[in-house]
Amino acid sequence: MTKIVVIVGPTASGKSALGIDLAQRFNGEIISADSMQIYQQLDIGTAKVSAAEQALVPHHLVDVVPMTANYSVADFVQAADLAIADIVARGKLPIVVGGTGFYVKALLGDLDLDWPASDAKIAAQLQQDLAASDLATQAQRLVELSPEIAKRVDLQNPQRVLRALNVALQDVDLPPKAPRPTYEALTLGLDWPRDVLYDRINQRVDQMVSAGVLTEAQALLDAGGLALQAGQAIGYKEWFAYLQGTSDLQTATDLLKRNSRRYAKRQLTYFKHQLDVTWTTANDAANLVDVYIKS
RNA sequence: GGGAGUGUAGCGAAGUCUGGUUAAACGCGACGGACUGUAACUCCGUUCCUUCGGGUUCGUAGGUUCGAAUCCUACCGCUCCCA
């Protein structure tokens with residue numbers, strides 16, 4: 001089984017730096033598991049690794065699509081599988097680094113992305129009125145359409161139901177599911193005492209402002225803002241109101257800090273309960289990896 | 001010194017006129033949780049104390065009342081205006 005190293009941790013916990021450090025020590029390459037660093041041009045607000053850092057160690061799955069594009073876990077898993085195979089073929093160690101727990105789980109677990117196809121005609125017909133109907137109706141349709149999918153979705157969560165519905169409706173004529181590789185993973189988690197982490201987050205936000213996030217945010221706003229998938233990114237959406245003159249800089253900054261803190265908590269919850277993480281520090285990580293590789 | 005206002009749970013802020021259905025709305029902060037196709041999304045819960053039976057609260061001390069955050073009195077603190 002292919003051995004890989006995975007590094008997770010809340011935002012601003014130091015994942016990127018650790019990833020580079022480990023890659024240099026163990027002849028590895030980085031695969032980013034980050035739903036927002038996927039996007040080109042969103043550099044500062046996503047705390048993307050710099051060009052200089054990327055020159056040190058090859059990074060995959062960063063800057064792969066324009067900021068107007070949609071991207072899904074399925075896209076990620078497919079691309080990551082390819083990248084890992086390529087890295088291994090060249091005799092190097094794949095190191096997955098990312099804060100998007102969902103992506104990591106999908107990569108490591110056996111996320112069943114090949115759900116049964118629905119009838120295309122029914123789909124086209126239903127799509128319209130479904131969007132306008134209420135939650136109960138949508139949930140009911142989902143159950144009728146694909147019990148398998150419905151089973152996996154929180155039917156009380158409006159957005160989740162709508163998305164699942166879209167999946168059930170649009171995914172027509174999928175080719176047979178290709179068997180995915182399975183990996184043996186050492187999943188390392190980086191964490192800090194809560195108050196320290198919050199300090200790091202607050203500082204990072206201030207740095208983003210002085211580094212010029214506003215320019216990036218303006219570009220994203222011009223490209224579509226909130227309507228885009230990338231427009232949901234924490235670190236960008238908070239600036240839109242300010243750029244449109246309906247909020248001031250201080251308010252926007254505070255909001256961003258708050259959202260980042262809340263996000264960090266959500267990440268931690270996900271890592272703790274959805275992944276099998278070995279919690280460690282940047283200093284101890286190398287030893288763990290060393291032992292793992294030789295095992 | 002005179003006048004007006006104000007004091008509510010970690011913070012902000014309702015409730016006071018028209019006492020009870022108010023351990024006290026709501027927001028923030030903090031904390032916990034869910035998560036299989038947009039996941040930096042979306043959603044849920046806890047936040048006076050408790051041995052979970054209860055207990056103690058709305059600046060403080062009294063009073064009225066069957067019953068008070070809500071009415072009365074005094075006092076303390078803060079804000080503003082006139083001196």
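Below, read A as the first sequence line, B as the second, and so on, with proteins coming before strands; counting in each chain starts at 1.
Using a 4.5 Å cut-off between side-chain heavy atoms of Ile, Leu, Val, Met, Phe, Trp and Tyr, A:L82 forms no hydrophobic cluster with any other residue. Connectivity analysis of hydrophobic side chains (ILVMFWY, heavy atoms under 4.5 Å, direct or indirect) links A:Y292 to A:V5, A:I7, A:L18, A:I20, A:L22, A:F26, A:I30, A:V49, A:L56, A:V57, A:L93, A:I95, A:V97, A:L186, A:L188, A:L190, A:L288, A:V289, A:I293.
In this structure, OH of A:Y103 is placed 4 Å from P of B:A39, rounded to the nearest angstrom. To the nearest angstrom, C1' of B:U42 lies 9 Å from CD of A:Q232. Across the protein-nucleic acid pair, A:L61 atom CG and B:A39 atom P stand 14 Å apart, rounded to whole Å. Between A:N70 atom CG and B:A39 atom C1' the separation is 13 Å, expressed in whole Å. The interatomic distance linking A:E238 (CD) with B:A40 (C1') rounds to 9 Å, in whole Å. Atom CG in A:L226 sits about 11 Å away from atom P in B:C41, given to the nearest Å. Rounded to whole Å, atom C1' of B:U36 lies 14 Å from atom CG of A:L107. Across the protein-nucleic acid pair, A:I234 atom CD1 and B:A39 atom C1' stand 11 Å apart, rounded to whole Å.
Every residue meeting the side-chain contact (heavy atoms from CB on, under 4.5 Å) condition with A:D81, not counting sequence neighbours, appears here in chain and number order: A:V77, A:L107, A:R180, A:P181, A:Y183. Qualifying side-chain contact (heavy atoms from CB on, under 4.5 Å) partners for A:A223, counting only residues two or more places apart in sequence or in other chains: A:M67, A:T68, A:L228. Looking at residues two or more places apart in sequence or on another chain, you find a side-chain contact (heavy atoms from CB on, under 4.5 Å) between A:S72 and A:A74, A:D75.
Atom C1' of B:U22 sits at a distance of 12 Å from the matching atom of B:U8, rounded to the whole Å. Rounded to a whole angstrom, the distance from the C1' atom of B:G12 to that of B:C58 is 16 Å. For B:U65 and B:C71, the C1' atoms lie 9 Å apart once the distance is rounded to whole Å. B:A69 sits 10 Å from B:G20 when the P atoms are compared, rounded to a whole Å. Taking atom P on both nucleotides, B:G54 is separated from B:U60 by 26 Å, rounded to a whole Å. Spacing between B:U18 and B:U70 at atom C1', rounded to whole Å, works out to 11 Å. Atom C1' of B:A74 sits at a distance of 27 Å from the matching atom of B:A24, rounded to the whole Å. On the P atoms, B:U47 is 14 Å away from B:G10, given to the nearest whole Å.
Considering only side-chain N and O atoms, A:Y71 lies nowhere under 4.0 angstrom from the phosphate OP1 or OP2 of B:U38. Here A:T100 reaches the OP1 or OP2 of B:A40: one of its side-chain N or O atoms lies under 4.0 Å away. Listed pair A:K105 / B:C35 fails the phosphate criterion, with no side-chain N or O lying under 4.0 Å from OP1 or OP2.
Positionally, the nearest nucleotide of RNA chain B for A:S72 lies more toward the 5' end than for the other of A:S72 and A:K237. Residue whose closest nucleotide on RNA chain B sits further toward the 5' end, between A:S35 and A:R258: A:R258.
Under the side chain to side chain donor-acceptor pair (under 3.5 Å) test applied with A:D254, the options A:K257, A:Q250, A:R258 reduce to a single match, A:Q250.
Residues from residues 184-223 of chain A lying near RNA chain B, meaning a heavy-atom separation below 4.0 Å, are A:R194, A:Y198 in numerical order. A heavy-atom distance below 4.0 Å to RNA chain B is reached by these residues of residues 260-274 of chain A, ordered by number: A:R261, A:R262, A:Y263, A:K265, A:R266, A:T269, A:Y270, A:K272, A:H273, A:Q274. Near RNA chain B, meaning a heavy atom under 4.0 Å from it, residues 9-19 of chain A has no residue at all.
Within the 4.5 Å cutoff, side-chain heavy atoms of A:E238 are placed close to those of A:N259. Counting heavy atoms from C-beta outward, A:V196 and A:D199 have side chains that stay 4.5 Å or more apart.
No more than 12 heavy atoms of other residues, nucleotides or ligands sit less than 6.0 Å from atom CG of A:D276. Residue A:Q24 qualifies as enclosed at atom CD: its count of foreign heavy atoms under 6.0 Å is above 12.
As judged by a 4.0 angstrom heavy-atom cut-off over every strand, A:G45 is placed among the base-contacting residues. Across all strands, A:N259 comes closer than 4.0 Å to no nucleic acid atom at all (heavy-atom distances).
In the interface, the side chain of A:R160 is paired with the base of B:C41 through a donor and an acceptor atom under 3.5 Å apart. At a cut-off of 3.5 angstrom, counting only N and O atoms as typed in the model, there is no donor on one side facing an acceptor on the other between the side-chain of A:N157 and the base of B:A34.
Residue pairs meeting the ring pair (Phe, Tyr, Trp, His ring centres under 6.0 Å) criterion with at least one member in residues 189-245 of chain A: none, sequence neighbours excluded. Within the structure, every pair that satisfies the ring pair (Phe, Tyr, Trp, His ring centres under 6.0 Å) test and touches residues 88-109 of chain A, not counting sequence neighbours, is listed here: A:F76-A:Y103.
Where pairing requires Watson-Crick or G-U contacts shorter than 3.5 Å, the helical stems of RNA chain B with at least three consecutive pairs are B:1-7 with B:76-82, B:10-12 with B:26-28, B:29-34 with B:42-47, B:59-63 with B:71-75.
For A:Q203 and A:Q207, the side-chain atoms include no donor-acceptor pair closer than 3.5 Å. Side-chain contact check for A:Q140 and A:T137: no donor-acceptor pair (N or O, by modelled atom type) lies under 3.5 Å.
Syn is the glycosidic conformation of B:G53, whose angle stays within 90° of 0.
For A:K48 and A:D43, the salt-bridge test passes: some basic side-chain N is under 4.0 Å from an acidic carboxylate O.
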Counting only pairs under 3.5 Å, give me each side-chain donor-acceptor contact of residues 262-272 of chain A, with atom names and distances, residues two or more places apart or in other chains.
from   : atom 1 : to     : atom 2 : distance (Å)
A:Y263 : OH     : A:Q267 : OE1    : 3.1
A:T269 : OG1    : A:K265 : O      : 3.1

